[in-house]
Trainee: 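Shown below is the structure under consideration.
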Amino acid sequence: MSDVDIDALVKRARDVRANAYAPYSNFKVGAVIVTQSGQLFVGCNVENASYGGAICAERSAILQMVAAGESEPVICVVITETDPPASPCGMCRQVLAEFATDMRIVLVGDTKKGEVRRETTLAHLLPDAFRLHV
Ligand code: THU
C-alpha cells in the first residue's frame with residue numbers, strides 16, 4: 001500500500017460526497033476507505049427526519065468494507081467544504097478503531113479558495129481507544 005495515489009482517492013471522495021443526503025444540516029461529507037489488499041470503499045453521510053438515524057460518511061464507508069468481506073482499513077480520506085477540513089466525529093473514530101489500531105487519515109476541505117489538506121493518524125485522533133478485549 002505504499003504506492004497509493006492520494007489524489008485519486010481524494011477525487012473518489014469528492015465524487016461520493018456529491019451523493020450525500022444531508023437536507024437537514026446541509027453539511028455533505030464524503031469518505032473513502034482503502035484496505036490492506038488495495039480495495040477501495042466509499043461512503044457519504046445519510047441523514048434522517050428522525051435526526052438520530054443519521055449515519056456519517058466514514059461509518060457508511062466502513063459498512064461497505066465489512067459487507068465486502070474486508071477488515072483491514074489502512075487509509076481513510078474524509079472530504080467536506082470546510083477550512084479547516086472536518087475531522088471524524090468521536091463515534092466514527094471508535095468505529096475505525098474497531099478495525100485497526102492505526103491508519104492514515106487524510107482530511108480534505110474543498111473551499112472556494114481552493115483545496116486544503118491535512119494528514120493525521122487514527123492513533124493521534126483517538127489515543128487509548130476503548131477495546132473490549134485487550
Ligand atoms: N458527519 C459525518 O459524515 N462525519 C463526521 O465525522 C462528522 C459529521 C455528518 C453527520 C451529519 O450528517 C452532518 O455531518 C452534520 O453533522
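Just so you know, these numbers use all the heavy atoms, side chains as well, and skip hydrogens, waters and symmetry mates. Whatever order the structure lists them in is the order used to number ligands and atoms, beginning at 1.
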Trainee: Starting at SG of Cys44, measure out to CD1 of Ile55 and round the result to the nearest 0.5 Å.
Mentor: 10.0 Å

Trainee: Where the closest heavy atom to atom 13 (C) of ligand 1 is concerned, which of Glu47, Met91, Arg93, Lys28 has it?
Mentor: Glu47

Trainee: Need the ligand 1 atom indices (1-based, order shown) with element for anything under 4.0 Å from a heavy-atom of Glu58.
Mentor: 2 (C), 3 (O), 4 (N), 5 (C), 6 (O)

Trainee: Under a 4.0 Å N-O cut-off, is there an ion pair linking Glu115 with Arg117?
Mentor: yes

Trainee: Is the shortest heavy-atom distance from the side chain of Val78 to the side chain of Pro88 under 4.5 Å?
Mentor: yes

Trainee: Closer than 4.0 Å to some heavy atom of Pro88 - which atoms of ligand 1 meet that?
Mentor: 6 (O)

Trainee: Among protein heavy atoms, which lies nearest atom 3 (O) of ligand 1, and at what distance?
Mentor: Ala57 N, 2.9 Å

Trainee: Of Cys56, Ala86, Cys89, which has the heavy atom at the shortest distance from atom 10 (C) of ligand 1?
Mentor: Cys56

Trainee: In Å, rounded to the nearest 0.5 Å, how long is the span from CD of Glu81 to NZ of Lys112?
Mentor: 7.0 Å

Trainee: Suppose we measure from atom 9 (C) of ligand 1 to each protein heavy atom; which comes out shortest, and what is that distance?
Mentor: Asn45 ND2, 3.6 Å

Trainee: Answer whether the closest heavy-atom distance between the side chains of Ile6 and Arg104 falls below 4.5 Å.
Mentor: yes

Trainee: Starting from atom 15 (C) of ligand 1, locate the nearest protein heavy atom and write down its residue, its atom name and how far away it is, to 0.1 Å.
Mentor: Ser25 OG, 3.7 Å

Trainee: Flag the pair Thr120 / Arg118 as yes when at least one side-chain heavy-atom distance between them is below 4.5 Å, and no otherwise.
Mentor: yes

